[in-house]
Amino acid sequence: MKNMSVFMDREETMARIDNTIRVLSHLDSPHESNSEETMSLKNTIDKEDRPKLVNLLEDVVVLLKDDPDNKSKIKEMWNKIMSGYGHIKPISEILKSVNEYFL
């Protein structure tokens, strides 16, 4: 049962990263929701930093899906995101989950 739980949590982690990428990509859209997470991202990430963070998150999700055993590369990407954006609550929650289920 534990393995299924870890699998689900891994899937949920990747889904959360995908959702965050989508939110970051559309933060300036007038149709974007005003959820707490969206507002937090909008208020704490500079407009010019958003594409950089999106690229880093996309790289991480590709690694998690295609090469989840490559812990050194995942850790390298994790460190890049943590050093630049780890202070932002939604991002730190994602990083915590990646650390717990993939590293």
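This is a predicted model, so every value here is computed, not measured.
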* Could you tell me whether the side chain of Leu41 reaches within less than 4.5 Å of the side chain of Pro90, counting heavy atoms only? => yes

* Identify the heavy atoms of Arg10 and Pro68 that sit nearest to each other, and give their distance. => NH1-CB, 4.2 Å

* Asked: Has Lys80 got more than 12 heavy atoms of other residues, nucleotides or ligands less than 6.0 Å from its NZ?
  -> no

* Asked: If you round to the nearest 0.5 Å, how far is CG of Leu64 from CG of Asn70?
  -> 10.5 Å

* To do: Search all heavy atoms of Leu57 against all heavy atoms of Thr20 and return the closest pair with its distance.
  => CD1-CG2, 4.0 Å

* Donor-acceptor pair, Arg50 side chain versus Leu24 backbone, under 3.5 Å? -> no

* Asked: Can you check whether Lys75's main-chain N or O pairs, donor with acceptor, with Asn79's side chain at less than 3.5 Å?
  -> yes

* **Trace of the side chain to side chain contact (heavy atoms under 4.5 Å, CB included) decision for Val62 with Asp67** => CA-CA 8 Å; Val62 166; Asp67 197 7; over 6 Å; no

* Asked: How far does CE of Met82 sit from CE of Met77, to the nearest 0.5 angstrom?
  -> 14.0 Å

* Roughly how far, to the nearest 0.5 Å, is the CD atom of Glu100 from the OG1 atom of Thr13? -> 8.0 Å

* What heavy-atom pair brings Lys47 and Pro51 nearest, and what distance separates the two atoms? -> O-CD, 3.4 Å

* Taking the side chain as every heavy atom from C-beta outward, state whether Val60 and Ile94 have any pair of such atoms under 4.5 Å apart. => no

* Got a sec, which residues hit salt bridge (charged side-chain N to carboxylate O under 4.0 Å, His left out) with Lys71, two or more places apart in sequence or on another chain? -> none

* Inter-residue atom distance Phe102.CZ - Asp9.CG, 0.5 Å rounding -> 9.5 Å

* Less than 4.0 Å between a side-chain N and a carboxylate O, is that true for Asp18 and Lys65? -> yes

* Calculate, to the nearest 0.5 Å, the distance between atoms CZ and CD belonging to Arg16 and Glu11 respectively. => 15.5 Å

* Structure fact -> Note: Gly86 and Ser92 closest approach over all heavy atoms is O-CB, 3.2 Å

* Would you say the side-chain atoms of Trp78 pair up with the backbone N or O of Leu95, donor to acceptor, closer than 3.5 Å? -> yes

* Asked: With side chains defined as the heavy atoms from C-beta onward, is the minimum distance between Tyr85 and Leu56 less than 4.5 Å?
  -> yes

* **Electrostatic pair Lys73:Glu76 at N-O distance under 4.0 angstrom** => yes

* **Distance (rounded to the nearest 0.5 Å) between Ile81 CD1 and Leu53 CG** => 6.5 Å

* Structure fact -> Closest non-hydrogen atoms of Met14 and Val61, given as atom of the first, atom of the second and distance, are O-CG2, 4.0 Å

* Asked: Quick one: side-chain hydrogen bond (donor to acceptor under 3.5 Å, both in side chains) partners of Asp49, sequence neighbours excluded?
  -> Lys52

